Amino acid sequence: MDGTGDAENFGSGRANGSDGSDRSDHPGHREPHHASMNARLNWLRAGVLGGNDGIVSTASLVIGVAGATANSTAILIAGVAGMFAGALSMAAGEYVSVSTQRDTEVAALSRERRELAEEPDEELDELADMYRDRGLSPGLARKVAVELTAHDALRAHAEVELRLDSGELTNPWVAATASFLAFTVGALIPLLFITLSPAEWRVPTTFVAATGAISARLGRAPAGRAAVRSVLGGAVAMAVTFGIGSLVGTTTGL
């Protein structure tokens, strides 16, 4: 048997899963597409960071204010202002960061597109070499490179050489939206507890709720040490702001 059939299967593996790639259209195959996974990780990362910051920063803020004054209105105003300021700041930061990443991806694709137009033979040889380096025989690597180049040369080079999907780049608006919503949801946890709890229980219940929320959110992560560090970091931040708030309240007579 020659390598033609194998090359065809390799080149079309994205459609039928014959190369073992993650394709959800293969019968009974539940793993996501590689491109979809990249997009999912984009907003998931933004959501995780936003949610954690929403819990810690808002809890620290309201506990700090509670350490300075027992005025529930002042605590609520500070919490709401901090929630929206933090959510907008996180969203803006994610947008700028991911936009920079996207610009880099676009520039890399543009450079690859130019090289394909100016040096098609050299690029074909390069693609074949990369498939050979992945373990294919020289003949099969050449057949795969030829067929994928004929189908979509830019996409073939982007996936193998740049580790990019030219049809689905990172989206700054998705990351910004995920960050904004996650921060807001995370911030509501300490805000509700500090507002609804009796005055004498505001600080301890908010502290417990915030650290518990962080621990529960990270509970599915395999890295237990990372979860512990996040909980301890949040606890230290809240303790420090409460101490500063108490000092300011005592000094100013609030």
Side-chain angles (χ1 to χ4, degrees), residues 42-98 172-254:
N42 181 33
W43 63 258
L44 183 59
R45 174 192 57 79
V48 169
L49 292 176
N52 187 68
D53 283 356
I55 296 170
V56 174
S57 62
T58 305
S60 300
L61 174 62
V62 294
I63 285 178
V65 176
T69 179
N71 189 313
S72 58
T73 301
I75 296 173
L76 178 61
I77 292 174
V80 172
M83 178 179 69
F84 282 104
L88 290 170
S89 177
M90 285 290 295
E94 280 292 333
Y95 181 83
V96 172
S97 175
V98 178
W173 287 108
V174 171
T177 301
S179 183
F180 179 89
L181 293 177
F183 188 100
T184 302
V185 171
L188 285 175
I189 297 173
L191 187 58
L192 289 175
F193 272 87
I194 198 99
T195 302
L196 300 178
S197 299
E200 64 273 17
W201 290 102
R202 283 174 182 165
V203 173
T205 55
T206 302
F207 181 90
V208 171
T211 54
I214 298 171
S215 178
R217 183 184 62 76
L218 294 173
R220 297 179 182 178
R225 292 182 180 179
V228 172
R229 285 196 296 267
S230 296
V231 172
L232 290 178
V236 170
M238 287 181 276
V240 170
T241 53
F242 177 75
I244 294 175
S246 299
L247 179 61
V248 172
T250 302
T251 303
T252 60
L254 289 176

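Side chains included, hydrogens not; waters and symmetry mates left out as well; all remaining heavy atoms used. Since the model is a prediction, treat every value here as computed from it, not as a measurement. Counting begins at 1 with the first residue of the sequence.
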*Side chains of Val98 and Val174: does their closest heavy-atom pair fall under 4.5 Å?*
no
_Residue from Val185, Leu61, Thr184 passing side chain to side chain contact (heavy atoms under 4.5 Å, CB included) with Met83_ =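 Of Val185, Leu61, Thr184, side chain to side chain contact (heavy atoms under 4.5 Å, CB included) with Met83 is met by Thr184 alone.
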*So, for Ser179 and Ala91, which heavy atoms are closest and what is the spacing to 0.1 Å?*
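Where Ser179 meets Ala91 most closely, the heavy atoms are OG-N, 4.0 Å.
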_Backbone N/O of Trp201 and side chain of Thr205: donor-acceptor pair under 3.5 Å_ = yes
*Backbone N or O of Val56 within a donor-acceptor pair of the Ser60 side chain at under 3.5 Å?*
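Flag set: sc Ser60 to bb Val56 pair under 3.5 Å.
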*For Ile75, all residues meeting side-chain contact (heavy atoms from CB on, under 4.5 Å), sequence neighbours excluded*: Val62, Val65, Ala66, Ile194, Arg202
To the nearest 0.5 angstrom, please state how far the [atom1] atom of [X] sits from the [atom2] atom of [Y].
X	Y	atom1	atom2	result
Thr58	Phe183	OG1	CZ	4.5 Å
Thr206	Leu192	OG1	CG	10.0 Å
Ile55	Ile189	CD1	CD1	4.5 Å

